[in-house]
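A quick write-up on the structure given underneath.
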Amino acid sequence: MHVHHDQDAGAAEAITFDDFLKVDIRIGTIVEAEPFPEARKPAFKLKIDFGPAIGVKKSSAQIVDRYALGDLPGRQVAAVVNFRPRQIGKFMSEVLTLGFADEEGAVILFAPDRTVPNGSRLF
């Protein structure tokens, strides 16, 4: 799912810290990336390793505008790992890979600026 947000919009409705803790955002390393030509919107299929506790999960990511397939393996990314899996065509996306829209609306992946252990949780 790719949602467009207005960067000039105000903050969303206030939530509690307990609400925030319900969203499990982890770091993983992309171990495989392949084309996803069947997707309605241009996307890649990713396999992301979140370490031994969570394992390798699949994700569909609409990042084709700014990333080449060959540059993705080995790259760390952040993802929500506790959403229910989502069927996208014939592909089951198990996690939501996170990113921000640039000035042209293309997705820029959200990742740490230094390598951290796979499975590390955002806090």
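The backbone N or O of G28 sits nowhere less than 3.5 Å from a side-chain atom of D49 that would complete a donor-acceptor pair. Proximity of a side-chain donor or acceptor of Q76 to a complementary backbone N or O of P112 within less than 3.5 Å is not detected. Judged by distance alone, the side chain of E103 and the main-chain N or O of G105 form no donor-acceptor pair under 3.5 Å. For Y67 (side chain) and L109 (main-chain N/O), a donor-acceptor pair under 3.5 Å exists by modelled atom type.
We find the NZ-CD1 distance between K22 and I15 to be 9.5 Å, quoted to the nearest 0.5 Å. To the nearest 0.5 Å, atom CG of residue L21 and atom CG of residue D18 are 6.0 Å apart.
A cation-pi geometry, defined here as NZ or CZ lying under 6.0 Å from the six-membered ring centre and within 45° of its normal, does not hold between K57 and F50.
Between F91 and K45, the closest side-chain pair of non-hydrogen atoms falls below 4.5 Å. A 4.5 Å side-chain heavy-atom check between E104 and R66 finds at least one atom pair inside the cut-off. Under the 4.5 Å side-chain criterion, counting only non-hydrogen atoms from C-beta, V80 is not in contact with V95. You'll find the side chain of P73 stays beyond 4.5 Å of the side chain of V31, heavy atoms only.
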Query raised in the report: Passes side chain to side chain contact (heavy atoms under 4.5 Å, CB included), V77 versus I30? Steps please.
Result: CA-CA 7 Å; V77 294; I30 298 171; 3.8 Å; yes
Requested in this report: Please test F44 against E34 for side chain to side chain contact (heavy atoms under 4.5 Å, CB included), starting from the C-alpha separation and ending with a verdict.
Outcome: CA-CA 6 Å; F44 293 141; E34 60 183 72; over 6 Å; no
Report task. Check the pair F36, S60 against side chain to side chain contact (heavy atoms under 4.5 Å, CB included), reporting the backbone distance first and the verdict last. Result -> CA-CA 8 Å; F36 190 6; S60 170; 3.5 Å; yes
Report task. Any chance you could lay out the side chain to side chain contact (heavy atoms under 4.5 Å, CB included) test for L72 and I63, step after step, and finish with the verdict? Result -> CA-CA 10 Å; L72 293 170; I63 57 174; 3.9 Å; yes
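Cluster annotation: V116 is not connected to V81 through the hydrophobic network of ILVMFWY side chains, with a link wherever side-chain heavy atoms come within less than 4.5 Å. No chain of hydrophobic side-chain contacts below 4.5 Å, direct or via other Ile, Leu, Val, Met, Phe, Trp or Tyr residues, connects V56 to L96. With hydrophobic clusters built from ILVMFWY side chains whose heavy atoms lie under 4.5 angstrom apart, I27 does not share a cluster with L122. A single hydrophobic cluster is not seen to contain both I25 and F123; linkage of ILVMFWY side chains at heavy-atom distances under 4.5 Å, directly or through other members, places them apart. Taken together through direct or relayed side-chain contacts under 4.5 Å among Ile, Leu, Val, Met, Phe, Trp and Tyr, L46 and M92 form parts of separate hydrophobic clusters.
Between the side chains of N118 and T29, a donor-acceptor pair is found at a separation under 3.5 Å.
Looking at every heavy atom in both residues, R26 comes nearest to I54 through NH1-CD1, 3.6 Å. Between I88 and S93, the shortest heavy-atom distance links the atoms CD1-CB, 3.9 Å.
Ionic pairing of E32 and K58 is not present here: no N-O contact between side-chain nitrogen and carboxylate oxygen is shorter than 4.0 angstrom.
Counting non-hydrogen atoms of other residues, nucleotides and ligands closer than 6.0 Å to CZ of F83 gives a total of 12 or fewer.
Applying the salt bridge (Lys or Arg N to Asp or Glu O under 4.0 Å) rule to D113 yields no partners; only residues at least two apart in sequence or on another chain are considered.
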